[in-house]
There are 2 protein chains.
Amino acid sequence: MVLDLNHQAFREPKYYQVKRHLLHLIDTLAPGSLVPTERILTVELATSRTTVRQALSELVGEGRLVRRQGSGTYVAEPKIAWPLHMTSFTEQSAAAGYSASTQLLDAVRERASDDIAARLAIKPAAAVYCIERLRLVDGTPMAVETSYLSAVRFPGLIGHVRKTSSLYRVLADVYDTAPVNAEETIETAAASPREAELLNTDTGSPMLVLGRHSFDAGGEPVEWVHSWYRGDRYVFVAKLSSGR
Amino acid sequence: MVLDLNHQAFREPKYYQVKRHLLHLIDTLAPGSLVPTERILTVELATSRTTVRQALSELVGEGRLVRRQGSGTYVAEPKIAWPLHMTSFTEQSAAAGYSASTQLLDAVRERASDDIAARLAIKPAAAVYCIERLRLVDGTPMAVETSYLSAVRFPGLIGHVRKTSSLYRVLADVYDTAPVNAEETIETAAASPREAELLNTDTGSPMLVLGRHSFDAGGEPVEWVHSWYRGDRYVFVAKLSSGR
DNA sequence: GTATCAGAGTTGTCTAGTCCATTTGCATCG
DNA sequence: CGATGCAAATGGACTAGACAACTCTGATAC
């Protein structure tokens, strides 16, 4: 019962022909190699610069090419695999053999939006801490992470977080709380100018957004976090087994 | 130790101002509402149609808007949550309360590429079955799934798959094999014209690509699958616990 | 030798416009 | 009343070009 869906040729946009041409080219080159300039491709492929740039933009978004303004366009390095585990960022990086660090970008006390309040099981407009951090591996920025926690449940959290880089360590040592279960969501989005700046990429480039809603042993919500990763640099990896 | 990264205003592209304007507008409207046409926005925001379209394209890619040629641009429905489990597509859909179906697009015997051979632990250029299927929930296409299995280990597989829609059922009943462990990868990509056509979306729109490398109880690789989901329509959901 | 500067070449952003494909609604015809 | 056909409006694809921002290199000055 094989469907004969579109046995006819697809209507293929011109920019996609350019993209396929470039994909073949990329396969023959090593990472770091220079590919022809936009204007050369415009002439070679008899098209406009806009069309060439659309093909290049998709390849950049897929992590196949890297563009450097003023310099040229290069074949990209392979993506980095990032495992999804119920451990802290710090432990996880060490396990994977990376030297990880964290920069605190912002830590403020604010009123919860309806969405945040519902997730943390607190009253709407109750006080929450919003902690924004930049995760780095081997010195290069990896993700922008924004955590929300109840200010009533964790009084003085910001002061502790400023001194200790690991949030999970603070939760364990100071508040005797450990997240043991979590529901994670994974979706795509486009980078805002702020995230693009922090992660050293372009506004609008595709991102992987990891949401984590974690709970303690009593089933109480502990934190709500979203982390923005560069979609052109990272692949998430999860291990599953049917034995549960 | 709060970093004062870019306390200065970001250089915000003009198209991003348009995008923010539209985001505010979307928040005030219900799903299905019509937003102003591209040409009206061009005048209202004193910009070019190219710039308006770039903002619209990102919002479409993020699942916030839907464009219908000849008709207009509309506020999109919320994304659909899709759980990641070690169960078959058929079971999984039933558990989530959806009526699922599958269309066999193509099923061929071919020689394994080096990559496929390595994943299936067979010799390079050995025979493999390549099975391409379209997954549908409630009648609308959800994902394009391509599976690779060793032709030597599962002789006659294609014939069985043509008769029975569930691959896992065939593996269990005919070959007495069950995948019990899997390593899943999740990354972003842009839709090719073929996938776009099958999933009723646009070439180049952002996709979530789920790779599954599954193993039987003896640790032997059973299949290598990649599934392409529309990034503007789906969110993957995974439950994690530290008790392992 | 070293530092500085100018210019050429690159990508980044944006504009204004053309032509095409599709949808929609209205007028017309039977 | 229904069906048909046409025209307007919409988004889709592409072109040609301007100017800005940035990088690199080579010539020049010290």
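Values in this document were obtained by computation on a predicted structure and should not be read as measured data. In what follows, every chain begins at residue 1, and chains take the letters A, B, ... in the order their sequences are listed.
Separating the CZ atom of A:R67 from the P atom of D:dT23 is a distance of 15 Å, rounded to the nearest angstrom. In this structure, A:K14 places its NZ atom 14 Å from C1' of C:dT18, rounding to the nearest Å. B:L22 places its CG atom 15 Å from the C1' atom of D:dG11, with the value rounded to the nearest Å. To the nearest angstrom, C1' of C:dA21 lies 13 Å from CG of B:D202. Going from atom CG of B:L34 over to atom P of D:dG11 covers 8 Å, rounded to whole Å. Atom pair B:K19:NZ and C:dC14:P shows a separation of 14 Å (rounding to whole Å applied).
Closest approach of B:Y234 and B:L208 over heavy atoms only: O-CD1, 3.7 Å. In plain terms, the two heavy atoms of B:G72 and B:L34 that are nearest each other are CA-CD1, 4.1 Å. The two atoms that bring B:Y16 and A:A191 nearest to each other are CE1-O, 4.3 Å, heavy atoms only. Counting all heavy atoms, side chain and backbone alike, B:P124 lies closest to B:D114 at CB-OD1, 3.9 Å. Contact detail for B:E58 and A:G204: the closest heavy-atom pair is OE2-CA, 3.0 Å.
Side-chain contact, A:S57 with A:R67: a donor N or O sits under 3.5 Å from an acceptor N or O.
B:D138 is linked by a salt bridge (charged side-chain N to carboxylate O under 4.0 Å, His left out) to nothing, counting only residues two or more places apart in sequence or in another chain. Applying the side-chain contact (heavy atoms from CB on, under 4.5 Å) criterion to A:I26, with sequence neighbours excluded, gives A:L59, A:R64, A:L65, A:V75. Under the rule for a side-chain contact (heavy atoms from CB on, under 4.5 Å), the partners of A:E110 that lie at least two apart in sequence or sit in another chain are A:V108, A:V128, A:C130, A:Y148.
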Are any protein N/O atoms closer than 3.5 Å to N/O atoms in nucleotides 8-10 of chain D? If there are, list each pair with its distance.
| unit_1 | atom_1 | unit_2 | atom_2 | d |
| --- | --- | --- | --- | --- |
| D:dT10 | O2 | B:G70 | N | 3.2 |

Please tabulate, one pair per line, each protein N/O and nucleotide N/O from nucleotides 3-6 of chain C that are separated by under 3.5 Å, including the distance.
none

Worksheet item: What's the verdict on side-chain contact (heavy atoms from CB on, under 4.5 Å) for B:Q17 and B:T47, showing C-alpha distance, side-chain angles and the deciding distance?
Response: CA-CA 11 Å; B:Q17 296 175 23; B:T47 179; over 6 Å; no
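Annotation: proximity of residues 41-64 of chain B to DNA chain D (heavy atom, distance under 4.0 Å) is found for B:R49, B:R53, numbered in ascending order.
Atom CD of residue B:E38 and atom OG1 of residue B:T73 lie 5.5 Å apart, to the nearest 0.5 angstrom.
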